[in-house]
Each structure stands twice: as structure tokens, then as C-alpha cells.
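Everything below concerns the one structure shown next.
Because the structure is a prediction, the values reported are computed rather than measured. Chain letters run A, B, ... following the sequence lines, proteins first and then strands; every chain starts at 1.
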Amino acid sequence: MNQISTNADAYFAAVMAEFEAFTPKKAQDVSRRGFFKLSAAAGAGLVIAFAVNPKVAEAATAAKEFVPNSFVRVAPDGVITIICKGPEIGQGIKTAFPLIVAEELDAAWSDVKVEQALIMPDIYGRQSAGGSTSIPANWDQLRKAGGVARAMLVSAAAKQWGVKESELTAQDSAVIHAATGRKLKYGELAMKAAALPVPDPATVPFKTRDQYRLLGKSYTGVENLEVVTGKPLFGIDVKLPGMLYAAYEKCPATGGKVASANLDYIKTLPGVKDAFIIEGNGVVSEVMPGVAIVADSTWAAFRAKAALQIKWDESNASKDSWTKSVTKAHEIAGKRGDTVIYSKGDVEGTFKGAAKTVEAFYSYPFVPHATLEPQNTTAWLKTDSKGDSLEMWIPSQTSDRAKTQVAKILGLKESQCTLHQTRAGGGFGRRLVNDPACEAAAIAQRVPNTPIKLTWTREDDMRHDFYRVGGFHNLRGALDAKGKLVGWSNHFITFTTDGKNPVTGGNFPNEEFPLPLLAASETTQTMLPLMTPCGAWRAPRSNGIAFAVQSFINELAVAAGRDHIEFFLEILGEPRHLPPQTIATLNTGRAADVVKLAAEKAGWGKTMPKGRGLGFGFHFSHAGHVAEIAEVSVDANNKITVHKLTVAADIGPIINMSGAINQCQGAAVDGVSTMMNLMVNIENGRVLEGNFTEYPILRMKDAPQVDVHFIQSNNLPTGLGEPALPPAMPAIANAVFAASGRRLRSMPLRQAGLTT
Amino acid sequence: MATVTINGTVHDLSQIDPSTPLLWVLRDNLDLVGAKYGCGIAQCGACTVHLNGQAIRACSTPIGSIAGQTVTTIEGLAKDGKLHPLQQAWIDNDVAQCGYCQAGQIMTAAALLERKPKPTDAEIDDAMTGNLCRCGTYVRIRKAIHDAADKGGAA
């Protein structure tokens with residue numbers, strides 16, 4: 001019997017470390033002409049990516065295409081195929097990645113077709129999406145892929161015309177000799193370019209920002225036609241000849257095992273082909289114990305699943321209780337935490353000498369990701385006298401990791417596994433974990449030579465997640481006689497599974513705003529025990545911290561009798577990039593700029609009718625500086641209407657303006673949804689909520705108008721899947737206070753009787 | 001014989017258990033996967049199709065209850081090779097993020113425009129309230145419906 005581990009923290013630590021390793025640390029000035037320099041970690045991936053995937057090269061030779069590297073193919077008919085290496089999960093990289101390649105290639109966007117790469121980390125390097133790192137981590141590699149291809153096409157034209165390369169320019173999929181007015185389309189040059197040696201990528205310069213023709217404009221998503229006509233795009237849409245459909249039931253309390261199940265009865269049900277217990281490897285991020293049902297349709301599998309009677313052995317299962325945790329947190333909030341995790345200056349002395357002090361307790365609950373496409377994977381284990389092979393179709397954010405995991409589980413080499421990354425119906429961090437893929441592989445192993453599609457029910461999805469961990473902050477602030485913030489203290493109460501470290505998403509960053517900006521500040525921490533697996537939920541840590549910290553800043557401004565934004569800008573102080581000046585550290589100048597822009601666009605300071613107010617929130621996370629202002633009204637029946645959110649963001653240059661605005665609008669709506677309504681209760685180790693009746697995601701009638709503004713600074717372009725979410729929550733809470741005088745310190749607001 | 005007309009084709013479904021929801025017949029038996037599974041209890045609208053022109057939730061509609069009737073799915077919305085104005089408006093406004101809910105959104109909106117060719121914001125909100133978008137694309141959905149309506153969207 002395997003040891004059961006409900007702790008996914010080590011898995012997440014490895015995922016995060018990988019994101020960290022592949023993301024550039026240093027600030028870049030993208031207005032300048034640059035050559036290609038890589039960190040050691042990214043370099044290994046890149047060099048290989050320029051060695052063309054042998055399978056692709058073979059196909060290209062057959063099709064008579066020019067294939068300078070594993071990202072670009074140019075056919076003689078002029079069609080330019082750009083390969084998207086990473087997964088599309090709704091964040092827009094299947095459009096943004098090819099745009100970056102096309103920009104440096106000087107391709108006409110209308111000539112471009114986009115293909116999804118197979119999972120081949122040995123060729124492409126990292127092929128995952130998370131931490132809003134896709135753009136900064138791949139920016140150089142993708143630009144270089146396009147630039148090398150362009151250089152070779154230019155070189156081919158120079159040879160054909162017998163002119164110097166320096167006399168030539170490229171534009172709209174063509175090389176132009178301005179002196180003679182001659183022009184050759186890329187298609188016409190393709191086979192000549194194919195005969196040339198691939199130049200050292202380091203010798204090909206990047207375009208400067210003022211030379212961009214494609215980036216920064218608006219593009220509709222490359223798969224939008226397929227989306228609106230209902231074509232099979234998603235993992236759940238996969239259909240293969242002879243495919244069977246699987247469902248999988250696990251213990252509702254994490255860590256339980258199957259003692260017995262009514263398998264004989266289940267096997268008699270209509271459409272059921274087989275039912276069996278899977279012991280699993282006991283790893284919560286891979287395969288936990290459960291009962292698998294294989295049937296001739298999804299409906300037959302689901303219906304049989306509902307008829308399962310399983311006796312669970314819960315001797316080592318979770319007994320977690322949210323209500324008990326809340327009670328405990330209230331009990332200990334006013335004390336100092338067990339450990340000091342940040343300390344600067346004389347905190348107690350500062351509080352003793354303060355003109356005024358403020359104390360408040362904030363909390364937020366557990367939330368699931370609730371991607372609209374439930375977890376699923378199709379797996380096909382082919383056994384053959386020549387050797388086994390596994391083929392899988394996975395809607396995952398980390399299919400590259402899945403390859404390693406499923407190979408291990410089935411005892412195969414990675415070279416025996418072919419993984420297709422499908423479009424994913426939402427990610428939000430849920431699909432960083434490949435438990436559904438591992439389960440599908442384990443089921444396929446029991447039904448070899450038959451494609452098996454495992455689909456989770458909505459209830460499975462909501463009750464077997466890696467949750468955003470709940471948290472508590474007992475905050476204290478000290479103001480001097482002028483109403484300036486001079487001291488800060490936070491007793492942060494979080495959770496631990498291993499007894500040593502906070503769970504994933506439950507750690508408090510040392511240098512979190514405003515700690516390093518004050519002369520006296522501290523964070524102490526207490527950890528409560530937990531078995532429920534936690535993970536990365538859109539803007540991990542920040543999605544809770546921003547609510548507590550930025551709401552409390554507003555409380556302090558009110559206590560000081562000062563305007564919130566003026567008070568906030570004073571805390572930021574002079575424009576400077578905090579040490580060690582990486583893309584992960586706050587730049588107070590960029591912060592102040594977005595705050596001022598949001599204030600201007602939202603009409604901060606304007607007179608509001610009774611019952612209506614503006615609230616402000618700022619947060620820096622995932623390399624993005626974002627300020628938001630909410631306009632909210634609260635009526636006599638405590639009905640809240642969020643009329644508008646104004647978003648101002650600096651993430652450097654924008655790749656696809658339409659996609660960028662969409663991400664901000666979506667994050668703002670997600671913020672309203674989470675702020676107003678969303679939580680799950682955990683009792684006796686079980687997540688009680690199972691479907692949207694109990695987990696009421698925001699509906700259209702309650703969605704605000706969202707106005708989005710960007711400052712396109714000359715910094716490295718960074719990601720936008722996450723950083724626009726955290727400021728929305730405090731902006732709403734602060735607007736509720738401005739509108740009604742009610743200070744709400746616990747998410748979601750519906751707990752306090754407020755409704756949308 | 002239990003037949004259902006789906007996108008203009010008559011299908012004999014007498015071999016399928018009549019309690020089976022239309023959604024799974026479409027997806028697993030007929031390879032029409034545009035209608036999506038999101039909740040299974042008519043709460044999210046991702047499975048929305050038209051039954052005799054009305055928007056319904058395919059996940060909660062047993063096929064035994066619709067014998068002899070007419071179903072249109074997202075795959076049957078475009079006519080004569082031309083996209084429905086809503087489909088075009090969805091592309092023009094770049095509505096989708098993950099895209100999973102969008103076929104259901106479009107089917108609900110198409111039924112709305114048949115009833116109300118020029119809906120107000122309030123009428124749109126009211127009609128679309130059964131369709132969840134986890135990515136939060138509501139602002140663009142509303143705009144796309146107005147755009148399609150302005151171009152004579154009840155195609």
C-alpha cells in the first residue's frame with residue numbers, strides 16, 4: 001500500500017522554481033537596439049530550439065518548405081506557419097506568441113497560420129503557462145526565431161539580386177530593394193533560403209521598438225472562428241475511433257482510501273464496460289486512490305458513478321474544518337505570531353510614540369478554480385511486440401511536466417510518450433497540476449489499446465482542487481502627528497501541511513508593500529495545520545494579501561483624515577526601483593504613474609451622489625504595476641452595484657492590445673465575482689460546495705463596465721493573466737466604505753449580508 | 001421510431017436510452033461537440049442549443065422528451081456558408097478568452113435576437129443570465145450582441 005501524501009507543496013515549489021529560472025531577472029530597455037543574450041537556464045532551451053525538430057524537418061523537406069528553426073515554416077505558396085510552443089488557456093498566447101515571431105520576421109499577419117507544438121521540451125525548452133511568465137520568459141526566444149528566419153530570407157534575396165544585404169529591407173512577407181524597386185515575396189525566396197546555413201542567432205539583432213509594425217495593435221484570437229462555430233478544440237472534445245469514456249471517484253475527504261465498493265453491481269449497469277479500484281501512487285498531484293468506471297458514453301460513466309457505493313477508509317484522511325480555523329485565528333489574532341518573518345526598525349517604539357494607531361482583522365476563504373471546462377484527459381496506451389507507447393491529449397498548463405509524470409507512472413520512457421496540448425477551457429492555475437492526466441494514464445493502463453477519455457464531473461472538479469488557501473491578517477498601523485504612516489505590523493495567520501512551511505499560495509513575501517518603504521515594519525506568522533491540498537490560484541498570495549493590505553491602507557488614510565491616493569503616493573515616496581532591481585521588485589515610479597493615471601481616468605475626487613462612492617486599490621505582482629478604481633453604490637437594502645472599474649497598468653509594451661484589454665476586463669470581473677460571492681466551506685475534510693448553485697460565479701447582469709488604460713513603458717513586456725486581479729478586491733471594499741460607511745474586512749462580502 | 005431533427009438532418013435515436021441528456025447524444029454519439037458540459041444541472045448554459053427555436057439546456061433535456069422535434073446547435077447556426085451575424089460579431093470583438101462558454105452564449109443570444117431584434121442592455125442581461133463566463137468576457141458579449149443587432153442580427 002502506498003503512503004498517502006496530500007501535500008502538493010513540493011510539486012508547486014518545483015513548478016515555481018522553473019518559472020523563476022526561465023524568466024529574465026534584469027530590467028530591460030526595449031527602446032534600444034539589442035543583441036541576444038540569455039541566462040544560462042533559458043539558453044539551454046534556446047540553442048536546442050534552433051536545432052530543428054527532426055520530425056518537422058523531415059515533413060518540411062517532403063513539403064518543400066523553408067524551416068529555419070522549430071518555430072517557423074515558410075512554404076513556396078507564401079503561407080507562413082508559426083508554431084506556438086505553449087498552451088492556450090484563455091490568456092491569449094496562441095495569438096501573442098506568433099505575433100512576436102511575425103514581428104521580427106516582418107511577416108504580414110494575414111499570411112500567418114498558427115500550429116500548436118507537440119510537447120517536446122528537448123526541442124522547445126519550457127512549454128508551460130503560469131505565473132504570468134509566458135511573455136517575459138519567451139520574448140527573446142520568439143523574437144530570435146523570427147529574426148533568424150528574416151535574416152536568411154534577406155540573405156537569399158541578396159544572393160539572387162547580387163546586392164549587399166545592407167541595401168535590403170523586409171516588410172509584409174517580402175524583401176525589398178529600395179534602390180531598384182525590386183521585391184521578392186518570402187514564398188518565392190523560401191527554397192533559396194532553405195539552402196543557406198542558419199546564422200548564429202547571437203549575430204542577428206532585434207528590431208527596436210519604433211520599428212514595430214504588428215505589436216501593440218489589436219488582433220482577434222487566431223482560433224476565434226473555430227470557437228464560434230463549435231469546432232473540437234478543447235481536451236474534452238477529443239474523439240478517437242473506439243474510444244471509451246471514464247469517470248473516477250475519489251474520497252471526498254482528501255487522503256481517504258477505498259475499503260470496498262459495489263463493483264459487481266456497477267458492472268451490470270447499462271453501457272458500463274468495466275469498473276475497478278485504482279490504488280494510485282498516493283501522491284495528491286498524481287493519482288490518489290479511487291474507483292474508475294469505463295463505459296461506452298460519458299453519460300453512462302457518470303450515471304454509474306452516481307450509483308457507486310464506496311466504503312472509504314478515512315483513518316488517515318483530512319479532518320480539516322474551516323469554521324474551527326476561523327475561530328482559532330480570531331483567538332490568536334491579537335498576539336504576535338509564532339515566528340518573525342520580516343522586521344525592520346523599532347516597531348514597538350514607533351507604535352508607542354505614534355499620534356494615532358489603527359488595528360483591524362482581515363480574512364479570506366478557500367476558493368476553487370472552477371475552470372468552466374472540467375478536468376479531463378484522453379489517454380491511449382498502445383501495447384505492441386515492438387514496444388509500448390502512450391499518446392495523450394491534455395488541456396494542461398504544464399503538459400511538459402505531465403510527460404515526465406505519466407512516463408514514470410506507466411514505467412515508460414518519455415520518448416515512448418506523445419503528448420498533444422489542446423486548448424484549455426480556463427486555467428487560473430488549476431491546470432498547473434496534472435492529476436487528471438495521471439489518473440487517465442493509470443486508467444488507460446488497465447484498458448490497453450483503447451483510447452480512454454476521462455472526464456471529471458463538475459462536483460469532482462470543485463471538490464478535488466488545489467485551492468486558494470484562506471488566510472487572516474491582523475494589521476496594525478501607526479500614524480505620526482501629521483498623519484503620515486510611520487509604523488506597520490501584520491500578524492499573518494496561514495496554514496501548513498508539513499509543519500515547517502506555509503502551503504502553496506500561503507506564504508507572505510518578505511518585501512511585500514509597504515514593508516520596505518517604512519522605517520519600522522514587521523510581519524509575524526502563525527501556521528494552522530491543514531491537509532486540504534492548496535495551489536496556485538490566479539495571482540497566488542496577492543489575491544488575498546492585496547485585499548487586506550490595500551483595504552487597511554484606506555482605513556489608515558481615513559483615520560489620518562487624508563485623501564487615500566495622496567496618502568498612498570506619500571508611502572511610495574521618490575521614484576526608485578527597489579533592490580535587487582529585478583522585474584519582481586516594486587518600482588515606486590511606475591507604481592505612482594499608474595495610480596495617477598487611474599485617478600485621472602476615473603475622475604477621482606469628483607462629487608458623488610449619496611450611496612455611491614469611489615474606492616482605490618493598487619498591487620504589484622507578477623512584474624505588473626496595476627491600479628484600479630471601483631465605482632460602487634450600496635442601497636438601503638444592502639444591495640451592491642459595481643458600476644465601473646477603471647484599470648491602469650504598466651506591463652511594458654503591449655503585444656496584442658485587444659487581448660491585453662480582455663485580460664484586464666476579465667480579471668476585474670473575476671475580482672468582483674470573488675469579492676462578492678465566492679468561497680467554499682470545508683468541514684470534516686470535505687469541501688461542501690459542488691456546483692454553481694452553491695458557488696455563484698458572477699453573471700452578466702452584475703458585471704461592471706471595465707475601462708482599461710496602459711502605460712507602455714520601455715520595460716521588458718510582462719504577463720497579464722494575473723496582475724490585474726488583486727487590486728480589484730480592495731478597490732471594491734474601499735468603494736463600499738466610501739458609499740456606505742461600512743468597512744468590510746472579510747471576503748466574500750455576501751457573508752455580511754450584501755448582495756449583488 | 002424516435003427521431004430528432006438536428007441541424008436539418010433527421011436522426012434515428014431509438015437505440016439510445018431515452019433518459020440520456022441531449023448534450024451527451026450530441027457530443028458522444030453525433031460528434032457535435034460545440035455544446036459543452038459545464039455543470040450538468042442547467043446552471044452554466046455552456047450546453048445551450050435551440051429546441052424549436054428556443055434556447056434550452058441540453059444537459060438537462062432527456063432525448064426521450066424531444067422526439068419529433070427540431071434542434072439547432074452551434075454547428076448549424078451558420079447558414080449557406082455564411083456566419084450568423086453574432087458569430088461574426090464575436091470574432092470582430094475578439095470576445096473569447098478561453099472560449100469554452102462562447103458557443104452557449106451565442107446560442108442564447110441568437111434566440112434573444114429572434115425575439116427582440118434590438119435588445120436593450122437590460123434585455124440582454126436578462127436573457128443572458130443563465131450563461132456563465134468564468135473568464136469574465138461579459139462586457140464584450142454585451143457589445144457583440146448590440147453590434148450584431150445593429151447589423152440585422154436575427155439572421
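The contact between A/Tyr219 and chain B is made entirely by backbone atoms, counting heavy-atom distances below 4.5 Å. Neither the backbone nor the side chain of A/Ser218 has a heavy atom closer than 4.5 Å to any heavy atom of chain B. With a 4.5 Å cut-off on non-hydrogen atoms, A/Ala703 touches chain B through its backbone and its side chain both. A/Pro270 does not touch chain B: none of its heavy atoms, backbone or side chain, sits under 4.5 Å away. The parts of A/Asn662 that come within reach of chain B are both its backbone and its side chain, each placing non-hydrogen atoms under 4.5 angstrom from that chain. Of the two parts of A/Ile89, only the backbone, made up of N, CA, C and O, holds a non-hydrogen atom closer than 4.5 Å to a non-hydrogen atom of chain B. For chain B, the nearby parts of A/Ile661 are the backbone and the side chain; heavy atoms of each come within less than 4.5 Å. Looking at B/Ala78, neither its backbone nor its side chain comes within 4.5 Å of chain A, counting heavy atoms on both sides. Interface remark: A/Gln91 contributes no atoms to any contact with chain B (heavy atom separation under 4.5 Å). Contact annotation for A/Asp670: only side-chain heavy atoms (C-beta onward) come within less than 4.5 Å of a heavy atom of chain B. Of the two parts of B/Gln102, only the side chain, counted from C-beta on, holds a non-hydrogen atom closer than 4.5 Å to a non-hydrogen atom of chain A. Only the side chain of A/Val669 has a heavy atom closer than 4.5 Å to any heavy atom of chain B. Residue B/Thr73: no heavy atom, backbone or side chain, is found under 4.5 Å from chain A. Residue B/Val25: no heavy atom, backbone or side chain, is found under 4.5 Å from chain A.
Between B/Tyr100 and A/Phe234, the ring planes are perpendicular. Angles over 60° get that label, and only those under 30° would be called parallel. Relative ring orientation between B/Trp24 and B/Tyr37 is described as tilted, the plane-to-plane angle lying within the 30° to 60° band.
A donor-acceptor pair shorter than 3.5 Å cannot be found between the side chains of A/Thr298 and B/Arg27. In the model, A/Thr693 has no side-chain atom that pairs as donor or acceptor with a side-chain atom of B/Gln43 under 3.5 Å. Residues A/Thr95 and A/Asn656 bring no donor and acceptor atom of their side chains to less than 3.5 Å of each other.
Counting heavy-atom pairs closer than 4.5 Å to chain A, the top-ranked of the candidates B/Ile91, B/Val139, B/Leu32, B/Asp17 is B/Ile91.
We find that B/Asp147 and B/Lys151 are not joined by a salt bridge, their nearest charged nitrogen and carboxylate oxygen being 4.0 Å or further apart.
Enclosure of atom NZ in A/Lys644 by more than 12 non-hydrogen atoms of other residues, nucleotides or ligands within 6.0 angstrom is indicated.
Shown here for A/Ala668 and A/Glu628, the closest heavy-atom pair between the two residues is CB-OE1, 4.4 Å.
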